[in-house]
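The structure appears below as structure tokens.
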Amino acid sequence: MKKILKTMTCVFLCMCAGALCFGKSKKESSKKAPAPLWLTDEGRRSIFPSSDFVSALAHGSSAEEAKNKAAAEISRAIKSSVASETKSRRLMAKDEHGVSINSFLDESASVKSENDLYMLEFTAPVYDGAMGMYACCAYINRSKAFEYVQPALENARRIFPDACQKALSEDDDFRKIIAIKRSHGLLKEFYSVYDFARFIKPQAAQEYQDVDALYFKSLAKLAELKGKVVVSVRALGEGGDEIKECLEKILSGAGFGVSDAQASHTATARTSMEIVKKEKVFATYPAVTIEVARKRDGKFSASYSSKLEKCAGFDESGAKQKAVFELKKDLELNFINKL
């Protein structure tokens with residue numbers, strides 16, 4: 001009997017202790033966790049001062065939406081700054097060099113998406129009871145982000161001036177043009193981060209203004225040289241007239257003079273398309289080679305060659321027509337870019 005009473009007493013005491021613990025736990029859980037400091041603009045600015053950080057607070061119906069909106073806010077701020085700066089650079093370049101600048105490098109300079117927000121970080125999203133929505137803060141540490149993109153800036157400053165100087169040392173104007181264009185290819189990585197760097201650390205990015213200035217200067221030189229080069233075009237082989245017309249249009253669109261009179265250079269295109277009949281289908285693998293030479297002495301300036309995939313038709317004429325069409329499309333896409 002004593003043993004039973006002892007057991008019942010233990011059970012009772014355990015139940016009481018459990019009830020006390022449950023009550024305490026319930027009371028504790030009912031207490032609201034303090035709102036993070038960054039949940040207000042004033043608090044966010046104290047944690048992420050604008051001198052050291054770029055930050056944005058956003059709300060959403062879910063934690064993920066709040067996070068995405070915060071990143072989008074930073075992206076918008078950078079895009080706005082980049083658009084304004086790029087417009088100013090274009091106007092300055094036009095005033096200084098007398099040419100209107102419109103290049104793929106400048107188009108790619110803009111920050112286009114969240115992927116371009118280097119070293120982007122987030123606070124843990126929280127539920128904001130006052131707003132009835134989730135909240136998140138996105139931020140970028142200016143110093144860390146600049147350090148991350150700086151190698152690309154340094155690399156361009158190291159290799160572009162030499163490449164540009166080497167291009168200008170060419171003794172043939174057409175070759176100079178091709179060499180300058182190739183030197184611009186070295187700046188793709190530079191312009192993928194330059195505007196971001198100028199937004200994140202304006203003073204530090206000023207160190208690399210010489211690269212940007214040299215690029216604009218080289219574009220002006222490119223326009224000047226193209227004005228001096230006049231190309232006479234001829235095309236031999238199947239579809240010669242269409243290929244000639246296509247090449248003249250491409251060269252003219254790229255800024256070269258195109259004329260048989262007073263030509264400084266000749267561009268000779270040769271097409272080949274051997275037709276093979278297999279069963280009821282006529283097929284060919286068309287190819288084109290183009291050689292550009294200085295007219296006064298025949299000195300070679302540049303060349304382009306391309307062999308395409310099979311072109312087929314139900315008769316020989318149809319196969320050749322398809323082949324010429326594909327050759328023209330290839331030239332429009334690649335001739336100037338791959339010289």
Side-chain angles (χ1 to χ4, degrees), residues 75 78-113 115-119 142 145-170 172-227 229 250 253-256 302 304 333-339:
S75 181
I78 295 178
K79 281 181 179 179
S80 176
S81 173
V82 165
S84 175
E85 288 286 340
T86 301
K87 185 177 180 181
S88 297
R89 283 158 59 210
R90 285 178 185 273
L91 291 172
M92 286 176 65
K94 188 173 182 179
D95 290 341
E96 185 177 350
H97 304 297
V99 292
S100 181
I101 306 297
N102 184 20
S103 164
F104 75 95
L105 287 171
D106 286 299
E107 296 302 324
S108 69
S110 300
V111 176
K112 300 182 183 68
S113 68
N115 293 331
D116 295 302
L117 303 179
Y118 303 100
M119 304 300 284
R142 291 181 184 271
F146 189 81
E147 286 174 8
Y148 182 81
V149 301
Q150 193 172 17
L153 303 176
E154 285 289 343
N155 187 54
R157 186 163 64 174
R158 181 177 57 83
I159 63 175
F160 179 60
D162 286 345
C164 212
Q165 187 59 42
K166 186 177 179 181
L168 293 172
S169 68
E170 292 282 355
D172 176 75
D173 283 345
F174 196 94
R175 289 180 70 85
K176 277 183 188 176
I177 290 168
I178 301 307
I180 291 172
K181 281 172 54 65
R182 284 177 180 163
S183 75
H184 290 171
L186 301 173
L187 293 178
K188 286 184 179 180
E189 190 181 16
F190 175 83
Y191 278 109
S192 72
V193 300
Y194 180 56
D195 286 305
F196 176 84
R198 288 192 301 130
F199 178 83
I200 291 294
K201 279 275 191 180
Q203 286 187 317
Q206 282 181 3
E207 263 190 70
Y208 305 95
Q209 281 183 343
D210 55 339
V211 177
D212 189 49
L214 182 58
Y215 166 62
F216 279 112
K217 189 176 179 180
S218 70
L219 283 176
K221 186 64 178 176
L222 205 56
E224 177 193 326
L225 288 168
K226 284 181 178 179
V229 174
I250 292 168
F256 294 97
Y304 174 80
L333 186 65
N334 297 315
F335 174 57
I336 291 293
N337 293 329
K338 293 187 177 180
L339 273 176

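The analysis underlying the following values was restricted to heavy atoms, covering all of them including side chains, and did not include hydrogens, waters or symmetry mates.
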The reported gap from CZ in Phe199 to CZ in Phe146 (rounded to nearest 0.5 angstrom) is 14.5 Å

Nearest heavy-atom contact between Glu207 and Arg157 is O-NH1, 3.2 Å

Can you label the angle between the Tyr304 ring and the Phe335 ring as parallel, tilted or perpendicular, going by 30° and 60°?
perpendicular

Determine whether Phe216 and Asp212 make a side-chain contact, defined as any pair of heavy atoms from C-beta on separated by less than 4.5 Å.
yes

Rounded to the nearest 0.5 Å, how far apart are CD of Gln150 and CD1 of Ile200?
13.5 Å

Using distance alone, with no hydrogens and no angle criterion, decide if Gln209 and Tyr194 have a side-chain donor and acceptor under 3.5 Å apart.
no

Do Asn337 side-chain atoms and Leu333 backbone N/O form a donor-acceptor pair below 3.5 Å?
yes

Where do Glu170 and Ala179 come nearest, in terms of heavy atoms and distance?
CG-CB, 4.4 Å

Residues Asp195, Ile78; criterion side-chain contact (heavy atoms from CB on, under 4.5 Å); working and verdict:
CA-CA 8 Å; Asp195 286 305; Ile78 295 178; over 6 Å; no

So for atom CD, which belongs to Glu154, do other residues, nucleotides or ligands contribute more than 12 heavy atoms lying within a distance under 6.0 Å?
yes

When rounded to the nearest 0.5 angstrom, what is the spacing between CG in Asn155 and CZ in Arg158?
4.5 Å

Which pair of heavy atoms, one from Ala197 and one from Leu153, lies closest together, and at what distance?
CB-CD1, 3.9 Å

From Phe160 atom CZ to Phe190 atom CZ, the distance as rounded to the nearest 0.5 Å:
9.5 Å

What heavy-atom pair brings Lys221 and Leu168 nearest, and what distance separates the two atoms?
CG-CD2, 3.7 Å

Any chance you could lay out the ring-ring contact (aromatic ring centres under 6.0 Å, His included) test for Tyr191 and Tyr215, step after step, and finish with the verdict?
CA-CA 11 Å; Tyr191 278 109; Tyr215 166 62; 5.2 Å; yes

Between Cys164 and Ser183, which heavy-atom pair has the shortest distance, and what is it?
N-CB, 4.3 Å

Shortest non-hydrogen contact from Leu222 toward Ile177
CD1-O, 3.7 Å

Spacing of NZ belonging to Lys217 relative to CG belonging to Asp210, to within rounding of 0.5 Å:
12.0 Å

Atom pair CZ (Arg182) and NE2 (His184), whose distance is rounded to the nearest 0.5 Å
13.0 Å

ring-ring contact (aromatic ring centres under 6.0 Å, His included) partners of Phe174, counting only residues at least two apart:
Phe256, His265

